[in-house]
Amino acid sequence: MPKEEIMELNSNEIQEILPHRYPFLMVDRIVECEPGTSAKGIKCVSANEMQFLGHFPQKHVMPGVLLIEALAQVGAVALLTEEENKGKLAFFGGIKNARFKEQVIPGDVVELECEITARKGPVGFGKGTARVNGKVAVVAELSFAIGS
């Protein structure tokens with residue numbers, strides 16, 4: 001079977017794949033996607049985002065759980081662009097070995113990458129990495145369940 005071509009997606013195209021909408025769509029652009037294998041995206045962090053009203057008002061820091069969600073959304077794009085998964089949903093199945101190494105603050109451009117490492121039927125596993133200015137901010141192992 002020939003390898004599928006690598007694609008890029010803007011925010012409107014991402015919304016055709018993922019059900020997430022403001023304020024929960026955490027990926028602004030997919031810069032590279034090999035369906036079923038991996039995806040790379042970016043998240044431009046702005047002080048105007050809702051989470052900064054309370055996390056933390058005196059020192060804005062992007063919540064780690066939202067960075068994990070951004071990684072999961074990139075992984076979901078990798079899975080849902082595969083022909084047999086188009087039109088389906090990717091549910092977050094779990095997180096293992098998450099490590100937070102750098103703070104992410106407004107003005108940062110977060111480079112998100114998720115590589116699908118294993119598949120068992122409708123369940124997929126991936127390794128996610130978020131970087132800011134070339135430094136690893138977050139790493140985690142993620143699992144997904146494909147459903148309708």
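Bear in mind that the values here come from a model prediction, so they are computed numbers and not experimental data. FYI, the numbering just counts along the sequence from 1.
Looking only at side-chain heavy atoms (C-beta outward), K40 and V74 stay at 4.5 Å or farther from each other. Contact annotation: the side chain of T129 never approaches that of V138 to less than 4.5 Å [non-hydrogen atoms, C-beta and beyond]. S148 places none of its side-chain heavy atoms less than 4.5 Å from the side chain of L89. Residues D28 and S11 fail the side-chain proximity criterion, which asks for heavy atoms closer than 4.5 Å. Contact check for V45 versus V110: side-chain heavy atoms found under the 4.5 Å cut-off. Two residues are said to be in side-chain contact when any heavy atoms from C-beta on lie closer than 4.5 Å; V123 and R119 fail this criterion. The closest side-chain heavy-atom distance from P23 to Q51 is not below 4.5 Å.
In terms of heavy atoms, L9 sits closest to E13 at CA-OE1, 3.2 Å. The minimum heavy-atom distance linking C44 with E49 is given by the pair O-OE2, 3.5 Å. Shortest non-hydrogen contact noted between I68 and A98 is CD1-CB, 4.2 Å. In terms of heavy atoms, G75 sits closest to I116 at O-CD1, 4.2 Å. When all heavy atoms of P106 and S46 are compared, the pair lying nearest together is CB-C, 4.0 Å.
Following chains of ILVMFWY side-chain contacts shorter than 4.5 Å, one can reach F52 starting from F100, so the two form part of one hydrophobic cluster. A chain of hydrophobic side-chain contacts below 4.5 Å, direct or via other Ile, Leu, Val, Met, Phe, Trp or Tyr residues, connects M62 to V65. In the hydrophobic clustering of this structure, V132 does not group with V31; members are Ile, Leu, Val, Met, Phe, Trp, Tyr whose side-chain heavy atoms approach within less than 4.5 Å, directly or through other members. There is a path of hydrophobic side-chain contacts, each under 4.5 Å, that joins I95 to I146. Criterion: ILVMFWY side-chain heavy atoms under 4.5 Å apart, direct or through other members. Under it, L25 and F91 are not part of a common hydrophobic cluster.
A donor and an acceptor atom, one from each side chain of Q15 and N12, are nowhere located under 3.5 Å apart.
The distance from atom CG of N48 to atom CG of L53, rounded to the nearest 0.5 Å, is 9.5 Å. Interatomic distance, CG of L112 versus CG of L71, reported as 5.5 Å (0.5 Å rounding). Taken from CG in L80 to CD in E16, the straight-line distance is 13.0 Å, to the nearest 0.5 Å. Atom-to-atom distance recorded for L142:CG and C114:SG is 5.5 Å, nearest 0.5 angstrom. Interatomic distance, L79 CG to K88 NZ, rounded to the nearest 0.5 Å: 11.0 Å. In this structure, NZ on K135 lies 12.5 Å from NZ on K101, to the nearest 0.5 angstrom.
One finds no salt bridge joining K43 and E69 here, because no Lys/Arg side-chain nitrogen approaches an Asp/Glu carboxylate oxygen to under 4.0 Å. Using a cutoff of 4.0 Å between basic side-chain nitrogens and carboxylate oxygens, K127 and E113 are not scored as salt-bridged.
The environment of N10 atom CG is dense: over 12 non-hydrogen atoms of other residues, nucleotides or ligands sit within 6.0 angstrom.
A donor-acceptor pair under 3.5 Å links the side-chain atoms of Q73 to the main chain of F24, judged by distance alone. Judged by distance alone, the side chain of T81 and the main-chain N or O of V77 form a donor-acceptor pair under 3.5 Å. With H55 contributing its side chain and H60 its backbone, the two residues share no donor-acceptor pair below 3.5 Å.
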> Does the pair E82 and E34 meet the rule for a side-chain contact (heavy atoms from CB on, under 4.5 Å), with working shown?
Replying inline: CA-CA 9 Å; E82 207 170 26; E34 188 175 333; over 6 Å; no
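When hydrophobic residues (I, L, V, M, F, W, Y) are linked wherever their side-chain heavy atoms come within less than 4.5 Å, I105 remains an isolated member.
Listed by chain and residue number, E83 satisfy the side-chain contact (heavy atoms from CB on, under 4.5 Å) test with K86 (two or more places apart in sequence, or in another chain).
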